[in-house]
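Working notes for the structure below.
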2 protein chains.
Amino acid sequence: MSPEPMRDESEFLASYDPRAYDPVAVTVDVVALTIRDGALHVLLVRRGGAPYAGMWALPGGFVHAGGRREAEDLPDAAVRELAEETGLSGKDGALGRVHLEQLGTYGAPGRDPRMRIISVAYLAFAPELPDPEAGGDAADAAWVAVDALGLTESGDQRPGTTRRLAFDHARILTDGLERARDKLEYTPLATAFCGAEFTIPELRAVYEAVWGEELHAGNFHRKVLSVPGFVESTGATSDKGGRRGGPRPRLYRAGDARLLHPALLRPSREEEIR
Amino acid sequence: MSPEPMRDESEFLASYDPRAYDPVAVTVDVVALTIRDGALHVLLVRRGGAPYAGMWALPGGFVHAGGRREAEDLPDAAVRELAEETGLSGKDGALGRVHLEQLGTYGAPGRDPRMRIISVAYLAFAPELPDPEAGGDAADAAWVAVDALGLTESGDQRPGTTRRLAFDHARILTDGLERARDKLEYTPLATAFCGAEFTIPELRAVYEAVWGEELHAGNFHRKVLSVPGFVESTGATSDKGGRRGGPRPRLYRAGDARLLHPALLRPSREEEIR
DNA sequence: TGAGTTCATCTCGTTATGAGAAGAACGAAA
DNA sequence: TTTCGTTCTTCTCATAACGAGATGAACTCA
């Protein structure tokens, strides 16, 4: 990993010139997902400046690497960009309960017309949040229904889709959705889309929105209660029934499991196997 | 993502100065795993130069970003570094049959004493390969038994371990092993550790080496044959029995499944759940 | 030749899953 | 207020999957 062998470490550090290397920039981009009106939504910003001005993009920006500003870690950069470009406050505010994990890194030459840019993508699961306010370089910011973006399996957008995504963000978003679908199978992260207390029908609505298919209510109920540590009862009952009738569902909160065992497998997996 | 709004994209590109940004460098590091003598091994190089001279590290190096050399994509950089530092030839040679996937990106400030370095880690599964030859900046290169590195769950090495790992490579390797264990559960990638044709006992040995526990031979056999697309029969039989006796096992090759359904879950999962 | 090992298959009891049904609780419309 | 349709929650039942153990044949090594 070192450019050339040297005898002494301090001598090496003194003579080291970072600028002698190829110029690269590192950004973070965030795929922030939430459930609104029973449908999966992603947080997007409309780009104010070039390149791709006017198009929609994932919130993100350059990592403060330590030159003029203080160096920040990658997850911190993700939270900062999310806060800056959307007006949502950071860890102690609206973004306090979100789950954040690294999704992947995208660095193909030419993915950004300005220069070689390596983008570290993060994936966030959030409970229902207020509408964002555009800030930073963003001309606009909004929660957008994922279904309205016309994404294809290959990471493109279908022709005729009104909201076009900049850069390779359609691919990043597609990968993020795929990851979210997988994570719901074997981790309890569906609870990250809910409030602190939730009902089993609410939890089922999360699965149905992310997976895009209806689940058998009875079997789902049995399964959630039988997996150890998935949810724990609060003893209380929701104060209202469903909006179209039905009894008041009981309230639960997230349990202490980090993995679901056995997993909650989605029904229509057969097609994707080959 | 743009530094400041501008009216025209070409005007923007002309005036853009990459050097105005914080200096960052991007590297790739590869966690290359294989099975030798029934035990899981990882490819390591001994560092010739500073920093961490003399310590062991994952093979890796700077990404050619496009300044003086031609820009290369991240996976290409991973293959190139693997080839350069170990003497193993590239895609058409010994490295032709390896599975390569992105593992994660490590960019904490201070992880490299020279400057801010963002490292994109890749994970490789390889069948048994020849001993590597040191090249590039590496003073030595070898397949090292993972068990001999004294890795802890928290990504450190136990005190007293002779081969110390440079940088945060103990953490990267720990994450890679965790990922490998997971992948064996729900993908047919265990076959990537085998040759083109293999027996079911050989495949079981892969699982036992990666998971570090013995499996029930009969149930494993039933399971592998019952999962559609995992393996397909060649009709042939191995020309030798096991080294300690037993009949000649039949030969199989990898099937066309990309996902195992139902998955092959490892037995002792209960402990890791909470 | 004999002893010990391993492959491959089978059995059996337990657990998990999919599909459907039923009673009770509720909202909304008549 | 009554009625009707909806939803929560719990059951049942048939099927599939799994863990543990057993068996006989095939092979290596002493």
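All values derive from a computational prediction rather than experimental measurement. Each chain gets a letter, A, B and so on, in the order its sequence line appears, and its residues count up from 1. Side chains included, hydrogens not; waters and symmetry mates left out as well; all remaining heavy atoms used.
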Query - For His99(B), the option from Tyr122(B), Phe125(B), Phe193(B) that meets ring pair (Phe, Tyr, Trp, His ring centres under 6.0 Å) - result: Phe125(B)

Query raised in the report: Does a side-chain N-to-carboxylate-O contact under 4.0 Å join Arg204(B) and Glu208(B)?
Result: yes

Query raised in the report: Taking only N and O in the side chain of Arg244(A), is any of them less than 4.0 Å away from OP1 or OP2 of dG27(C)?
Result: no

Query - Side-chain ion pair, Glu213(A) and Arg266(A), N-O less than 4.0 Å - result: no

Query raised in the report: Between Tyr252(B) (OH) and dC7(C) (C1'), how many Å, whole number?
Result: 10 Å

Query - Any side-chain donor near an acceptor of the partner, Thr105(A) and Thr105(B), under 3.5 Å - result: yes

Query raised in the report: Which one, dT10(D), dA8(C), dT7(D), comes nearest to the side chain of Pro201(B)?
Result: dA8(C)

Query raised in the report: Please walk me through it: do Phe220(B) and Tyr207(B) pass ring pair (Phe, Tyr, Trp, His ring centres under 6.0 Å)?
Result: CA-CA 10 Å; Phe220(B) 182 85; Tyr207(B) 277 90; 5.4 Å; yes

Report task. Any chance you could list the contact pattern along nucleotides 11-20 of chain C? Use B for base contacts, S for sugar-phosphate-only contacts and - for none, protein heavy atoms under 4.0 Å, 5' to 3'. Result -> B-----BBBB

Requested in this report: Return the value, rounded to whole Å, for the distance between atom CG of Leu251(B) and atom P of dC7(C).
Outcome: 13 Å

Query raised in the report: Quick one: Leu203(B) CG to dA8(C) P, roughly how many Å, whole number?
Result: 12 Å

Query raised in the report: So, Arg179(A) side chain and Leu123(A) main chain: donor-acceptor pair closer than 3.5 Å or not?
Result: no

**Report entry** Pro249(A), nearest nucleotide to its side chain (from dT10(D), dA8(C), dT9(D))
**Finding:** dT9(D)

Report summary line: Testing dT6(C), dT10(D), dA8(C) for proximity to the side chain of His221(B), the answer is dA8(C)

**Report entry** d(CG, Leu225(B); C1', dA17(D)) in whole Å
**Finding:** 15 Å

Requested in this report: Report the distance from atom CZ of Phe220(B) to atom C1' of dA20(D), rounded to the nearest whole Å.
Outcome: 17 Å

Report task. Check the distance between dG23(C)'s P and Arg248(A)'s CZ and give it to me in whole angstrom. Result -> 23 Å

**Report entry** Distance, rounded to the nearest Å, where Glu214(A) contributes CD and dC8(D) contributes P
**Finding:** 12 Å

Query raised in the report: With respect to the phosphate group of dT10(D), does any side-chain polar atom (N or O) of Arg250(A) fall under 4.0 Å of OP1 or OP2?
Result: yes

**Report entry** Integer-rounded Å distance: dG21(D) P and Leu215(B) CG
**Finding:** 15 Å

Query - All side chain to side chain donor-acceptor pair (under 3.5 Å) counterparts of Arg171(B), not counting sequence neighbours - result: Asp175(B)

Query raised in the report: Distance check: side-chain N/O of Arg204(B) vs OP1/OP2 of dC7(C), anything under 4.0 Å?
Result: yes

